[in-house]
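Each remark here refers to the structure printed beneath this line.
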Amino acid sequence: QAHLELAGLRARLGGEGRLRTTVNPEKMVWIFGSGRSGSTWLRSMMGEMGGHGVWDEPMVGRLFGEFYARAPQENSRSADFIMGEPIRKGWTRSIRNFVLDGASYSNPRLRTDDYLVIKEPNGSVGATLLMEALPESRMILLVRDPRDVVASVLDAAREGGWLYESRNGEASKRRSPADKGPSAFAAERAKVYRRGVESARAAYNAHRGPKVLIRYEDLLADTLGTMRRLYATLDISVDQERLARAVEKHAWENVPEEEKGRGKFHRKATPGGWKEDLTPKQAKLIERITAPLLEEFYPGERQA
């Protein structure tokens, strides 16, 4: 059995010993931004389209982005450092190969003419590196009001919330930082938001391939119209009737009532709900930390 598996692997390898990728980088569609910004919803609608595969949270952006960001500056100037500036061309090509191989292994049934939608909001710290390595890819920058994002994470991370339950087994229940110090938790999550969205915005501004900026609030207010704009801007042809069905299928109204509400993954889908969820102190903390992004994407919407 082992020799048959080895033979099969060899049959899939190219002349230089690499996997023959089935993923066309021109048809990769990256979703960057922040968690709790509607990326799961967007990915689900896009996944309903014909010829669309989905790669869900590969975290490859976090893998390379975190390492690169934390490297001492003196290392980055050295050709001995694996991601040193003198050898940038080489390791950028390595990132490209790593991503394409990983995508092919994770999506073995994907055809070369299929699109691959990659939900990667929590890997946005590495967005600039990924877009540099895959410049022909398409990119979606998905943003949401940071106050609503933090309010959503705060709710999820509290005891009984879906995030708390997923991270704490029955035998090791611990009091959540979101319960012990909610304001400190909110400030830390605001920093995570700022770092990820700033990195994604930098990648978006530098990217010369097809790209589109989508605000969660616009997606919620006019889902079908925003989805049509998304596909038109990315120059992807889709069946309009199928798109309308996908939008209807994943509409908030069609999420079962028992799956919605406080502590649930589907919480409230109400822009501005942070006014009820956050204390004035928490809201001001978040606004101070994320001020540049609020001013860019939500001008005039800060508290007095």
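Keep in mind it's a predicted model, so treat the numbers as computed, not measured.
- Using a 4.5 Å cut-off on side-chain heavy atoms (C-beta onward), N122 and M59 make contact.
- A donor-acceptor contact shorter than 3.5 Å links the side chain of T226 to the backbone of D222.
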- Message: Pair V99, M28 - check side-chain contact (heavy atoms from CB on, under 4.5 Å), show working.
- Response: CA-CA 11 Å; V99 172; M28 299 177 96; 3.9 Å; yes
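- A distance-only check finds no donor-acceptor pair linking the side chain of S78 to the backbone of N75 [under 3.5 Å].
- The shortest side-chain heavy-atom distance between L154 and L278 falls under the 4.5 Å cut-off.
- By the salt bridge (Lys or Arg N to Asp or Glu O under 4.0 Å) test, R70 pairs with E66, sequence neighbours left out.
- Atoms CG and OG, on D56 and S44 in that order, are 8.0 Å from each other to the nearest 0.5 Å.
- At least one donor-acceptor pair closer than 3.5 Å links the side chain of E120 to the backbone N or O of G61.
- Contact detail for F32 and A200: the closest heavy-atom pair is CB-CB, 3.8 Å.
- Applying the side chain to side chain contact (heavy atoms under 4.5 Å, CB included) rule to P86 yields the partners A79; only residues at least two apart in sequence or on another chain are considered.
- The distance from atom CG of N254 to atom NZ of K249, rounded to the nearest 0.5 Å, is 10.5 Å.
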- Dump the intermediate steps for side-chain contact (heavy atoms from CB on, under 4.5 Å) on D145 and L294, then the final yes or no. CA-CA 7 Å; D145 189 315; L294 270 172; 4.1 Å; yes
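- S199 places no side-chain N or O within 3.5 Å of a backbone atom of G126 that could act as its donor or acceptor partner.
- Nearest heavy-atom pair, V197 versus S34, reported as atom, atom and distance to 0.1 Å: CG2-CB, 3.9 Å.
- When all heavy atoms are compared, the tightest approach of L134 to P25 is CD2-CB, 3.9 Å.
- The backbone N or O of V149 sits nowhere less than 3.5 Å from a side-chain atom of R36 that would complete a donor-acceptor pair.
- Judged by distance alone, with hydrogens and angles left aside, the side-chain atoms of R194 form no donor-acceptor pair with the main-chain N or O of L293 at under 3.5 Å.
- For residues 211-220, every residue pair satisfying the side-chain hydrogen bond (donor to acceptor under 3.5 Å, both in side chains) rule, not counting sequence neighbours, is listed here: R215-D218, E217-Y298.
- Inter-residue side-chain proximity for V23 and W55 is flagged as unmet; no heavy-atom pair is nearer than 4.5 Å.
- Checking side-chain atoms of T92 against main-chain N and O of K89 turns up no donor-acceptor pair under 3.5 Å.
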- Apply side-chain contact (heavy atoms from CB on, under 4.5 Å) to Y115 and M49, showing your working. CA-CA 10 Å; Y115 289 95; M49 297 294 97; over 6 Å; no
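- Sorted by first and then second residue, the pairs that involve residues 56-90 and meet ring-ring contact (aromatic ring centres under 6.0 Å, His included), not counting sequence neighbours, are F64-F98, F67-F81, Y68-W91.
- Among all heavy-atom pairs drawn from P271 and L220, the shortest one is CD-CD2, 3.4 Å.
- Ring geometry for W162 against F265 counts as perpendicular: the plane angle is over 60°, on a 0 to 90° scale with 30° as the lower cut.
- Salt bridge status for E287 with K284: absent, with no side-chain N to carboxylate O gap under 4.0 Å.
- Atom CZ of R62 has 12 or fewer heavy atoms from other residues, nucleotides or ligands within 6.0 Å.
- With respect to R88 and E85, a salt bridge is recorded, a charged nitrogen being found less than 4.0 Å from a carboxylate O.
- Between H207 and P135, the shortest heavy-atom contact is CE1-O, 3.0 Å.
- In this structure, the side chains of S137 and M131 come closer than 4.5 Å at one or more pairs of heavy atoms.
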- List the steps, then state whether side-chain contact (heavy atoms from CB on, under 4.5 Å) holds for F185 with V153. CA-CA 9 Å; F185 182 87; V153 179; 4.0 Å; yes
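- V54 is not listed as a side-chain neighbour of K119, based on a closest heavy-atom distance of 4.5 Å or more.
- No side-chain donor-acceptor contact under 3.5 Å links E259 to the backbone of P256.
- Rounding to the nearest 0.5 angstrom, the gap separating the CD1 atom in I95 from the CG atom in N97 is 10.5 Å.
- Residue L116 holds its CG atom at 10.0 Å from CE of M46, rounded to the nearest 0.5 Å.
- In this structure R201 satisfies the salt bridge (Lys or Arg N to Asp or Glu O under 4.0 Å) test together with E296, sequence neighbours excluded.
- For the atom pair CD of E159 and CD of E165, the computed distance is 7.5 Å after rounding to the nearest 0.5 Å.
- For D179 (side chain) and R158 (main-chain N/O), no donor-acceptor pair under 3.5 Å exists by modelled atom type.
- For D277, the salt bridge (Lys or Arg N to Asp or Glu O under 4.0 Å) criterion is met by R267, K268, not counting sequence neighbours.
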- Just do the salt bridge (Lys or Arg N to Asp or Glu O under 4.0 Å) check on E57 and R43 with the steps written out, would you? CA-CA 11 Å; E57 303 266 18; R43 175 265 286 159; over 6 Å; no
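- Taking CD of E48 as the start and CG of D239 as the end, the distance is 12.5 Å to the nearest 0.5 Å.
- Contact detail for P146 and T290: the closest heavy-atom pair is CG-OG1, 3.4 Å.
- Summarising the local packing, CD of E241 is surrounded by 12 or fewer heavy atoms from other residues, nucleotides or ligands at distances under 6.0 Å.
- Side-chain contact between T270 and E276 is absent, with no heavy-atom pair separated by less than 4.5 Å.
- For K260, the NZ atom counts as densely surrounded, since its 6.0 Å shell holds more than 12 non-hydrogen atoms of other residues, nucleotides or ligands.
- In this structure, the side chain of D155 engages the main chain of G263 through a donor-acceptor pair within 3.5 Å.
- Using modelled atom types and a 3.5 Å distance limit, the side chains of Q240 and R228 yield a donor-acceptor pair.
- In this structure, the side chains of V29 and I140 come closer than 4.5 Å at one or more pairs of heavy atoms.
- Under the 4.5 Å side-chain criterion, counting only non-hydrogen atoms from C-beta, E301 is in contact with R147.
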